[in-house]
*Asks:* 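Starting off with a structure, shown below.
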Amino acid sequence: IITDTSTNEITSCYNQNTTATGANTYVIHSQTNTAPTCPTGYDPLWTGYSLIAVTGGGAGTSFSLDSPASCRPNFQGLPFMECSNGDCDVQTADDYSYWLHRFSTINSPRATLTIGRGWASRCTVCLGTQPILSFPTSCPTGWTQLRQGTQLLFMNGGTGSQMAADGGPSSCLTKTGRIPFMECDMGGCDIGTNHDYAYWSTTRTSNQPSNASVSASGGRSCYVCMKD
């Protein structure tokens, strides 16, 4: 699929982010508090904050980092409400949201939502026609490298919320903090709560624990490339 670009196989990789006109959406998560710019040939549709998942009443759903739904125009501790036949409520039991944050490392107590907004990663949804892929090795001939990072596979929040990164170009992250997401509710935000885990692709074959950075611990590199 990667090497034979003359077939239709490579086009099928973009079906989830391809519009009816044949244009592709590409979501960039800056992992900073500045909205990223689109690559040459792509136009920005909107900017926002990097939303990974929401949980309510013990259940939840996650948003692929490659999906435009993961770039929410505004930041809220709880960007949803729970409705029944009787009424609609915000902040019922076990309601949380999960966002990418902008830190490589952090040692901070629980923060207010105002501070949490400053912690959240910014994102931009872009529209263009050239294919963009994440490769496990350097970009092949005929492709231009946009960035190099480490491939995030999925995350698990302390409330049991599983968040799939899906291995696409938007989950090839340049900042590789052990816990790249924060948990928020109506009262504030936390990073690194109990039972928060992130799962990164690796080159390691040993099960010896490492307290080094993700990349130094054997995180597998990825290369985001755009077809020339």
Side-chain angles (χ1 to χ4, degrees), residues 1-3 13-14 16-17 26-37 39 49-53 62-67 70-71 98-108 119-124 126 131-140 143-183 189-226:
I1 291 175
I2 289 176
T3 56
C13 297
Y14 307 97
Q16 67 174 349
N17 288 338
Y26 171 50
V27 186
I28 314 173
H29 302 278
S30 68
Q31 296 180 274
T32 71
N33 54 11
T34 301
T37 57
Y49 297 84
S50 303
L51 177 64
I52 305 171
S62 63
F63 306 98
S64 166
L65 292 178
D66 289 299
S67 169
S70 69
C71 187
Y98 296 88
W99 308 76
L100 277 184
H101 64 67
R102 62 183 178 87
F103 299 101
S104 294
T105 59
I106 188 168
N107 182 16
S108 177
W119 286 357
S121 167
R122 299 300 307 275
C123 53
T124 302
C126 308
I132 295 176
L133 276 179
S134 176
F135 288 83
T137 57
S138 58
C139 300
W143 294 72
T144 298
Q145 181 174 310
L146 299 181
R147 69 177 182 276
Q148 179 181 351
T150 305
Q151 195 71 56
L152 179 65
L153 299 179
F154 73 99
M155 297 154 282
N156 190 72
T159 61
S161 176
Q162 292 190 353
M163 300 162 271
D166 290 345
S170 298
S171 58
C172 180
L173 300 181
T174 54
K175 286 188 177 181
T176 54
R178 293 192 186 95
I179 305 295
F181 63 91
M182 61 183 185
E183 176 186 286
C189 298
D190 294 284
I191 296 178
T193 60
N194 289 336
H195 307 297
D196 285 352
Y197 298 97
Y199 298 84
W200 303 83
S201 182
T202 184
T203 58
R204 289 178 60 180
T205 57
S206 167
N207 63 355
Q208 181 65 35
S210 171
N211 61 5
S213 66
V214 170
S215 55
S217 296
R220 182 181 294 277
S221 294
C222 50
Y223 303 81
V224 177
C225 312
M226 183 169 65

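Sequence positions, counted from 1, serve as the residue numbers for this chain.
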*Asks:* Is there a donor-acceptor contact under 3.5 Å from the side chain of Q151 to the main chain of S201?
*Replies:*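 Side chain of Q151 to backbone of S201: no pair is present.
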
*Asks:* Less than 4.5 Å apart, side chain to side chain, heavy atoms only: is that true for C139 and T144?
*Replies:*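 No, too far: nothing below the 4.5 Å cut-off.
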
*Asks:* In Å, rounded to the nearest 0.5 Å, how long is the span from SG of C172 to CG of D66?
*Replies:*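 Answer for the SG-CG pair, C172 versus D66, is 10.5 Å.
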
*Asks:* How long is the gap from CD1 on I28 to OG1 on T37, to the nearest 0.5 Å?
*Replies:*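 One finds 6.5 Å between CD1 of I28 and OG1 of T37.
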
*Asks:* Just by distance, do the side chain of T124 and the backbone of P36 share a donor-acceptor pair under 3.5 Å?
*Replies:*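 Such a contact is found between T124 side chain and P36 backbone.
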
*Asks:* Which atom pair, heavy atoms only, marks the closest approach of T32 to K175?
*Replies:*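 It is CG2-NZ, 4.3 Å.
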
*Asks:* I would like to know whether L65 and L100 meet side-chain contact (heavy atoms from CB on, under 4.5 Å); could you show each step before the answer?
*Replies:* CA-CA 10 Å; L65 292 178; L100 277 184; 4.2 Å; yes

*Asks:* Are F154 and Y199 near enough that their ring centres are under 6.0 Å apart?
*Replies:*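 For F154 and Y199, the ring centres are under 6.0 Å apart.
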
*Asks:* Measure the CZ-CH2 distance between F181 and W119 for me, rounded to the nearest 0.5 Å.
*Replies:*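 These two atoms lie 14.0 Å from each other.
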
*Asks:* Short question: side chain of S134, backbone of P169 - any donor-acceptor pair under 3.5 Å?
*Replies:*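 Not a single qualifying donor-acceptor pair exists.
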
*Asks:* Regarding R122 and the six-membered ring of Y49, is the cationic atom NZ or CZ under 6.0 Å from the ring centre and inside 45° of its axis?
*Replies:*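 Judged by the rule (NZ or CZ under 6.0 Å from the ring centre, within 45° of its axis), R122 counts as positioned above Y49.
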
*Asks:* Would you call L146 and Y26 a side-chain contact if the rule is heavy atoms closer than 4.5 Å?
*Replies:*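 A side-chain contact under 4.5 Å exists here.
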
*Asks:* Less than 4.5 Å apart, side chain to side chain, heavy atoms only: is that true for F63 and V27?
*Replies:*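 A side-chain contact is absent here, since even the closest heavy-atom pair is not under 4.5 Å.
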
*Asks:* First locate atom SG of C71, then atom CG of L51, and finally report the distance between them rounded to the nearest 0.5 Å.
*Replies:*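 Result: 9.5 Å between the selected atoms.
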
*Asks:* Could you tell me which non-hydrogen atom of R220 sits nearest to which non-hydrogen atom of T202, and how far apart they are?
*Replies:*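 So the minimum-distance heavy-atom pair works out to NH2-O, 3.3 Å.
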
*Asks:* Does the gap between the ring centers of W143 and Y223 come in under 6.0 Å?
*Replies:*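 Between W143 and Y223, the centre distance exceeds or equals 6.0 Å.
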
*Asks:* For H101 and M182, work out which heavy atoms get closest and say how close.
*Replies:*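 Reported closest heavy-atom pair: CD2-N, 4.0 Å.
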
*Asks:* About how many Å separate OG of S221 and CD of Q148, when rounded to the nearest 0.5 Å?
*Replies:*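 Going from the CD atom of Q148 to the OG atom of S221 covers 4.5 Å.
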
*Asks:* Measure the CG-CD distance between L173 and Q31 for me, rounded to the nearest 0.5 Å.
*Replies:*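 That separation rounds to 4.5 Å.
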
*Asks:* Between W200 and P180, is any pair of side-chain heavy atoms under 4.5 Å apart?
*Replies:*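 Side chain of W200 against side chain of P180, heavy atoms only: contact under 4.5 Å found.
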
*Asks:* Evaluate the side-chain proximity of S70 to H29: yes if any heavy-atom separation is below 4.5 Å, no if none is.
*Replies:*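 Of all side-chain heavy-atom pairs linking S70 with H29, at least one is under 4.5 Å.
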
*Asks:* Does the pair I132 and V224 meet the rule for a side-chain contact (heavy atoms from CB on, under 4.5 Å), with working shown?
*Replies:* CA-CA 7 Å; I132 295 176; V224 177; 3.7 Å; yes

